[in-house]
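Report on the following structure.
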Amino acid sequence: MKITSAILIAWLRHAAGLIREQRDSLTNLDAAIGDADHGVNLDRGFAAVVAALPPEPSGDAGALLKSAGMRLISTVGGASGPLYGTAFRRAGKVLEGHTEFGPNELLLALRGFVEGVAAMGKAESGDKTMIDALRPAVDALAEALAAREPLAVALRAAATAAAAGAAATVPMVARRGRASYLGERSAGHQDPGATSAALIIRALAETVERYD
Ligand code: ADP
Ligand code: MG
C-alpha cells in the first residue's frame with residue numbers, strides 16, 4: 001500500500017477529532033497528576049493544525065508533517081507542545097521529498113517521531129510519559145511488518161500496543177515532567193500524555209484502514 005499526503009492529512013484530521021472527543025477526559029487525567037490542561041492544550045493545537053492544512057491534498061509529505069509540528073509548537077503550550085511538535089518535525093524530516101511512500105518509510109518516520117520525543121524530553125521507557133505508549137507501538141509495527149502483515153493489520157497491532165502501553169502507566173511513578181513532582185503519589189493514575197499518544201496512533205490505524 002502507498003501512503004500519500006492525502007492520507008496523512010486525513011490522519012491529522014482524525015487525530016484532531018479524537019482529541020476533541022477525549023479533551024475532557026485527557027484534562028481530567030492531567031488534573032490528577034499535573035495541572036489539568038493536557039486536553040485543552042492539545043485540542044487547541046490540533047484544531048490549529050487542521051485549520052492550516054493545505055486545501056489540495058498533494059505535495060511533499062515531509063513538509064506537511066513539519067509544518068504541523070511547527071504549528072503544535074506555537075499553539076499547544078505546556079510540555080506536550082514542544083514534545084509533539086518535535087515528534088512531527090522529526091517524522092517530517094524522514095519523509096522529506098516523498099509525495100508517496102511505503103510501510104517501511106512510515107515505520108522510519110514513526111521511529112523518528114518517538115525518538116524526537118525521547119531526545120527532547122530525555123525520557124526513557126518506564127518514566128510514565130508518552131514514550132510508554134509510543135515505543136511499544138513502533139516496536140509492534142516493526143514486528144508486524146517484519147512478519148509481512150499488511151500495513152493496516154500492522155498499524156492495528158501498533159494501536160493496540162499503544163493503548164496497552166498507556167494503561168501500563170497507571171502503576172508507574174513519574175520520573176519526567178510535572179507529574180514527577182508528586183513522586184510516589186503519581187502512581188495509581190494513567191499518564192495523560194501516554195493516553196493522547198495512543199489516540200494519535202489509533203487515528204493513524206483507523207485512517208489507513210479506511211483507505212486500504
Ligand atoms: P504540562 O505538564 O506542561 O502541563 P501537558 O499537560 O500538556 O504539559 O502534557 C503532560 C504530558 O507530557 C505528560 O503526561 C507526559 O506524558 C508528557 N511529558 C511531560 N514531560 C515529558 C518529558 N520530559 N518527556 C516525555 N514526555 C513528557
Ligand atoms: Mg498539564
Side-chain angles (χ1 to χ4, degrees), residues 12 15-50 65 68-91 109-140 158-159 161-204:
L12 293 170
L18 291 179
I19 285 163
R20 168 66 51 89
E21 194 185 286
Q22 298 297 315
R23 177 182 56 193
D24 294 349
S25 100
L26 291 170
T27 291
N28 288 340
L29 291 175
D30 197 32
I33 58 169
D35 57 353
D37 64 358
H38 189 61
V40 176
N41 282 346
L42 277 191
D43 181 39
R44 186 191 323 111
F46 275 83
V49 166
V50 166
L65 293 189
M70 289 307 298
R71 195 137 302 246
L72 290 176
I73 290 171
S74 63
T75 56
V76 172
S80 59
L83 290 167
Y84 278 134
T86 302
F88 278 102
R89 290 185 60 188
R90 287 276 187 104
L110 290 176
R111 273 210 194 290
F113 191 101
V114 182
E115 297 319 320
V117 173
M120 158 134 242
K122 300 184 170 57
E124 290 171 16
S125 297
D127 284 353
K128 197 181 181 96
T129 71
M130 28 182 99
I131 290 296
D132 293 308
L134 293 172
R135 201 165 269 149
V138 174
D139 289 346
T169 63
V170 172
M172 291 176 185
V173 172
R175 283 192 293 254
R176 290 287 170 196
R178 207 178 280 279
S180 67
Y181 308 156
L182 292 177
E184 300 287 331
R185 279 181 296 136
S186 63
H189 305 276
Q190 184 162 317
D191 180 61
T195 309
S196 61
L199 288 178
I200 291 169
I201 301 296
R202 180 183 140 201
L204 179 60

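Counting starts at 1 for both ligands and their atoms, in listed order. Sequence positions, counted from 1, serve as the residue numbers for this chain.
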- [ ] Report yes or no: does a heavy atom of K122 sit under 4.0 Å from some atom of ligand 1?
- [x] no
Task: Where ligand 1 meets R176 - atom numbers and elements under 4.0 angstrom, heavy-atom basis - done: 22 (C), 23 (N)
Task: Which atom of S186 lies closest to which atom of A174, heavy atoms considered - done: OG-N, 2.9 Å
Task: Of all N/O/S atoms in D37, the name of the one nearest the Mg ion (ligand 2) - done: OD1
- [ ] Provide the number and element of each atom of ligand 1 under 4.0 Å from a heavy atom of A123.
- [x] 24 (N), 25 (C)
Task: Protein heavy-atom partner closest to atom 7 (O) of ligand 1 - residue, atom, separation in Å - done: S80 OG, 2.6 Å
Open item on the list: Only heavy atoms of D37, strictly under 4.0 Å: list the atoms of ligand 1 that pass.
Closed with: 4 (O), 5 (P), 6 (O)
TODO: Name the closest protein heavy atom to atom 23 (N) of ligand 1, giving the residue it belongs to and the distance to 0.1 Å.
DONE: G121 O, 2.9 Å
TODO: Taking only heavy atoms of D35 into account, list the atoms of ligand 1 that are under 4.0 Å away from them.
DONE: 4 (O)
- [ ] Give a yes or no answer on whether the side chain of R44 reaches the backbone of V76 with a donor-acceptor pair at less than 3.5 Å.
- [x] yes
Open item on the list: To the nearest 0.5 Å, what is the distance between CZ on R185 and CD1 on I33?
Closed with: 12.0 Å
Open item on the list: Side chains of D191 and M172, heavy atoms from C-beta outward: is any pair under 4.5 Å?
Closed with: no
TODO: Spell out, as yes or no, whether a donor-acceptor pair under 3.5 Å connects the side chain of R111 to the backbone of V138.
DONE: no
Task: Non-hydrogen atom of N41 closer than 4.0 Å to ligand 1 - done: yes
Task: Numbered atoms and elements of ligand 1 in range of D30, under 4.0 angstrom, heavy atoms - done: 6 (O)
TODO: Among all protein heavy atoms, pick out the one at the shortest distance from atom 13 (C) of ligand 1; state its residue, atom name and that distance to 0.1 Å.
DONE: D191 OD1, 3.5 Å
Task: Among G39, A133, G177, closest by any non-hydrogen atom to atom 20 (N) of ligand 1 - done: G177
Task: S80 to M130 - nearest heavy-atom pair and separation - done: CB-CE, 3.9 Å
Open item on the list: Checking the side chain of D132 only, and the main-chain atoms of G165 only, is there a donor and an acceptor separated by less than 3.5 Å?
Closed with: no
Task: Proximal candidate to atom 3 (O) of ligand 1 [heavy atom criterion; set A79, P82, A197] - done: A79
- [ ] Report the name of the N/O/S atom of D30 located nearest to the Mg ion (ligand 2).
- [x] OD2
TODO: Specify the closest pair of heavy atoms between Y84 and S196, including all atoms of both residues, with the distance to one decimal.
DONE: OH-OG, 2.8 Å
- [ ] Search all heavy atoms of T129 against all heavy atoms of A194 and return the closest pair with its distance.
- [x] O-CB, 3.6 Å
Task: Taking every non-hydrogen atom, the tightest pair across L12 and A68 - done: CD1-CB, 4.1 Å
Open item on the list: For R135, is the CZ atom crowded, meaning more than 12 foreign heavy atoms sit under 6.0 Å from it?
Closed with: yes
- [ ] State whether the side chain of K128 and the backbone N or O of V170 hold a donor-acceptor pair below 3.5 Å, judged by distance alone.
- [x] yes
TODO: Check ligand 1 against G78 and write out every atom of the ligand that is under 4.0 Å from a heavy-atom position of the residue.
DONE: 3 (O), 8 (O)
Task: Residue, atom name and distance, where the atom is the protein heavy atom closest to atom 17 (C) of ligand 1 - done: M130 CE, 3.8 Å
TODO: Just need the protein heavy atom nearest to atom 2 (O) of ligand 1, so name the residue and atom and give the distance.
DONE: R178 NE, 3.4 Å
Open item on the list: Closer than 4.0 Å to some heavy atom of L83 - which atoms of ligand 1 meet that?
Closed with: 18 (N), 21 (C), 25 (C), 26 (N), 27 (C)
Open item on the list: Check whether D127 reaches the backbone of R176 with its side chain - one donor and one acceptor, N or O, closer than 3.5 Å.
Closed with: no
- [ ] Say whether P192 and ligand 1 are in contact under the criterion: heavy-atom distance to a ligand atom below 4.0 Å.
- [x] yes
TODO: Looking at D35, pick out the N, O or S atom nearest to the Mg ion (ligand 2) and give its name.
DONE: OD1
Open item on the list: Please list the nearest protein heavy atom to atom 9 (O) of ligand 1 with its residue and the distance rounded to 0.1 Å.
Closed with: H38 ND1, 3.1 Å
